[in-house]
Amino acid sequence: MRIVKNVLLALLVFLPLSVMEAQETEMKNVNLRVDSLAEETATLDKIVKNLSKFKVSAYIQGQYQYGQQDATLKVGDKNEHIDKGFNRIGIRRGRLKFEYNDGIGTGVVQIDVNDKGISFRDLYIGIKDPWTKRNQLMAGVFNRPFGHEVGYSTSGLESTERATIIQYFFPDERDLGVMLTLRTKETSPLGFLRLDAGLFAGNSINRETDSRKDFIGRLSAKKKIGDWGKWGAGFSYYHGFVYNSTDEAYEMDGKRFIRVNKKETGTYMKRQYIGADAQFSFFNVCGTTTLRAEGLLGTQPGIASSSRSPNSGNRPEDLPENSLFKRPFLGYFFYLIQDIGRSPFSAIFKYDVYDPNTKVKGNEVGVEKSYTSKTDLKQSTFGFGAIYNFSKHIRLQAYYEFNFNEKSTFVKGYENDRKDNVLTVRLQYKF
């Protein structure tokens with residue numbers, strides 16, 4: 001019996017000690033698991049924080065277009081008929097954008113996929129000042145800082161295409177260059193102002209082909225008006241050059257072009273644009289009303305058959321058709337966008353004018369020995385349409401353009417107004 005009692009006594013003594021030891025071990029294990037979970041949580045937070053700096057966005061625009069017999073459509077091939085209208089379906093734009101922003105530095109890559117192929121759009125780095133983060137230096141391929149519409153995303157553009165003069169003078173909207181953006185603190189009395197200025201290759205998104213650089217600058221302002229409206233305005237300046245691959249160049253003298261002796265190939269002609277833009281939006285009983293206007297004037301060197309800006313990765317060959325013609329131009333356009341109350345509908349009206357040569361008009365164009373041609377005829381467009389926003393991601397757009405050309409009895413095919421009106425129906429998905 002004594003042995004049993006001793007065993008029981010020993011159990012009574014050591015059992016609590018064992019239990020305490022087990023509890024301590026369990027607590028240690030719990031603490032280890034807590035520490036492990038804390039480390040895993042910290043790691044996940046770090047990963048999420050890094051991922052939040054990386055953004056991917058995209059939009060796809062599929063569209064149907066109908067054009068009259070002389071129209072040029074943005075999707076599909078040219079008209080297979082001579083004397084009747086035609087239609088095409090296609091992908092107008094398929095943009096995919098990658099952006100990494102750590103607060104100070106930004107890197108952006110954007111590609112475009114459509115029925116013509118694959119190309120890049122944006123490819124740049126940006127570095128902000130570490131104090132206000134409102135001043136920035138950018139380098140690479142990005143939107144040129146001229147006017148309002150050049151930098152306005154085509155995913156939000158109310159008309160299906162940019163204004164005619166923007167398409168001619170700023171192909172692809174972007175250029176290769178370096179730009180400085182300056183802004184004061186938001187609390188400053190001048191916090192609503194912004195200055196962008198940079199040097200650019202002047203050849204769109206293509207590789208640079210000469211040692212000349214173009215200057216582009218824009219001073220803009222943007223401000224809210226209470227809780228019922230907002231306004232914006234800007235003044236832009238472009239100073240650059242276009243390479244002339246021949247020993248011939250032409251400038252206007254009265255109503256005709258005259259040859260300017262350059263003596264040798266490889267000279268340059270100056271291009272100079274001055275632009276002004278304004279925007280105003282306000283809330284009213286009909287919904288939000290937006291008014292936008294923009295105008296450009298200056299001189300543009302182009303070839304005999306086109307007044308477009310350079311947009312090639314190769315220098316033009318020394319051929320007579322590549323001789324430059326310097327033209328004084330004028331272009332302007334207006335928008336009226338009316339949201340229909342709180343509904344998903346918006347109505348759009350746009351008037352767009354581009355006069356590539358303000359020195360001549362009508363039957364003054366195409367006169368023998370004036371060296372003027374269809375390139376010097378004024379173009380104007382009146383467009384109207386509607387947008388239906390199914391959600392913040394899906395938008396349906398219908399837009400009709402009445403295109404008008406200046407007429408001249410001396411320019412074949414332009415004796416009367418050409419039949420080139422265009423209907424566009426576009427479905428866009430954006431994420």
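Hydrogens, waters and symmetry mates are skipped; everything else that's a heavy atom, side chains included, is used. Source: prediction; values computed, not measured.
- In this structure, Asp376 pairs ionically with Arg327, as a charged nitrogen and a carboxylate oxygen lie closer than 4.0 Å.
- Checked by atom type and distance alone, the side chain of Arg88 never pairs as donor or acceptor with a backbone atom of Gln65 at under 3.5 Å.
- How far CG of Leu137 is from CD1 of Ile125: 8.0 Å, rounded to the nearest 0.5 Å.
- Asn206 is listed as a side-chain neighbour of Asn311, based on a closest heavy-atom distance under 4.5 Å.
- In this structure, CD on Glu294 lies 7.5 Å from CZ on Phe146, to the nearest 0.5 angstrom.
- A distance of 8.0 Å separates CD1 in Ile165 from CZ in Phe333, rounded to the nearest 0.5 Å.
- Under a cut-off of 6.0 angstrom, the local environment of CG in Leu190 is crowded, with over 12 non-hydrogen atoms contributed by other residues, nucleotides or ligands.
- Heavy atoms from other residues, nucleotides or ligands lying under 6.0 Å from CD1 of Ile89 number 12 at most.
- A salt bridge is absent between Arg121 and Glu173; no separation between the charged side-chain nitrogens and carboxylate oxygens falls under 4.0 Å.
- A donor-acceptor pair under 3.5 Å links the side-chain atoms of Asn405 to the main chain of Arg418, judged by distance alone.
- One distance of note links CZ of Arg259 with CG of Asp247; it measures 5.5 Å at 0.5 Å rounding.
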| message | Is there a side-chain hydrogen bond (donor to acceptor under 3.5 Å, both in side chains) between Asp112 and Ser119? Walk through the geometry before answering. | response | CA-CA 5 Å; Asp112 184 28; Ser119 61; 4.6 Å; no
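- Ring-centre distance between Tyr371 and Tyr250: below the 6.0 Å cut-off.
- Taking the centre and axis of the six-membered ring of Phe241, the NZ or CZ atom of Arg212 falls inside the cone set by 45° and 6.0 Å.
- Heavy atoms from other residues, nucleotides or ligands lying under 6.0 Å from NZ of Lys55 number 12 at most.
- With a 6.0 Å radius and a threshold of 12 heavy atoms from other residues, nucleotides or ligands, Glu80 has its CD atom above the threshold.
- Between Asp122 and Arg174, at least one side-chain N (NZ, or NE/NH1/NH2) sits under 4.0 Å from a carboxylate O, which counts as a salt bridge.
- Within the 3.5 Å criterion, the main-chain N or O of Asp420 finds no donor-acceptor partner in the side chain of Asp70.
- Screening Phe169, Phe215, Tyr273 for a ring pair (Phe, Tyr, Trp, His ring centres under 6.0 Å) involving Tyr238 leaves a single residue, Tyr273.
- Salt-bridge annotation for Asp214 and Arg271: present, with a side-chain N of the basic residue lying under 4.0 Å from a carboxylate O of the acidic one.
- You'll find the ring centres of Phe390 and Tyr388 inside the 6.0 Å limit.
- A salt bridge links Lys213 to Glu208: one of the charged nitrogens lies within less than 4.0 Å of a carboxylate oxygen.
- Figure legend: Lys374 and Tyr414 shown without cation-pi pairing, the cationic atom not lying both under 6.0 angstrom from the six-membered ring centre and within 45 degrees of its axis.
- More than 12 heavy atoms of other residues, nucleotides or ligands lie within 6.0 Å of NZ in Lys326, so this atom counts as buried by the packing criterion.
- In this structure, Leu96 and Val113 have side chains that are not in contact, with every pair of non-hydrogen atoms separated by 4.5 Å or more.
- To the nearest 0.5 Å, atom OG1 of residue Thr184 and atom CZ of residue Arg194 are 12.5 Å apart.
- Using a 4.0 Å cut-off between charged side-chain N and carboxylate O, Glu158 and Arg395 make no salt bridge.
- For the side-chain hydrogen bond (donor to acceptor under 3.5 Å, both in side chains) test with Arg92, the passing option among Gln428, Glu161, Gln63 is Glu161; the others fail.
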| task | Go through the steps to decide whether Gln167 and Arg162 satisfy the test side-chain hydrogen bond (donor to acceptor under 3.5 Å, both in side chains), and finish with yes or no. | result | CA-CA 6 Å; Gln167 296 181 56; Arg162 302 185 196 277; over 6 Å; no
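- The aromatic ring centroids of Phe142 and Phe200 lie less than 6.0 Å from each other.
- In this structure, the separation between CD1 on Ile216 and CG on Asp175 is 6.0 Å, given to the nearest 0.5 Å.
- No donor-acceptor pair closer than 3.5 Å links the side chain of Ser306 to the backbone N or O of Ile303.
- The number of heavy atoms from other shown groups lying within 6.0 Å of CD (Glu321) is above 12.
- Considering all non-hydrogen atoms of both residues, Ser155 and Lys430 come closest at OG-NZ, 3.3 Å.
- Applying the 6.0 Å contact sphere to NZ of Lys116 captures more than 12 heavy atoms from other residues, nucleotides or ligands.
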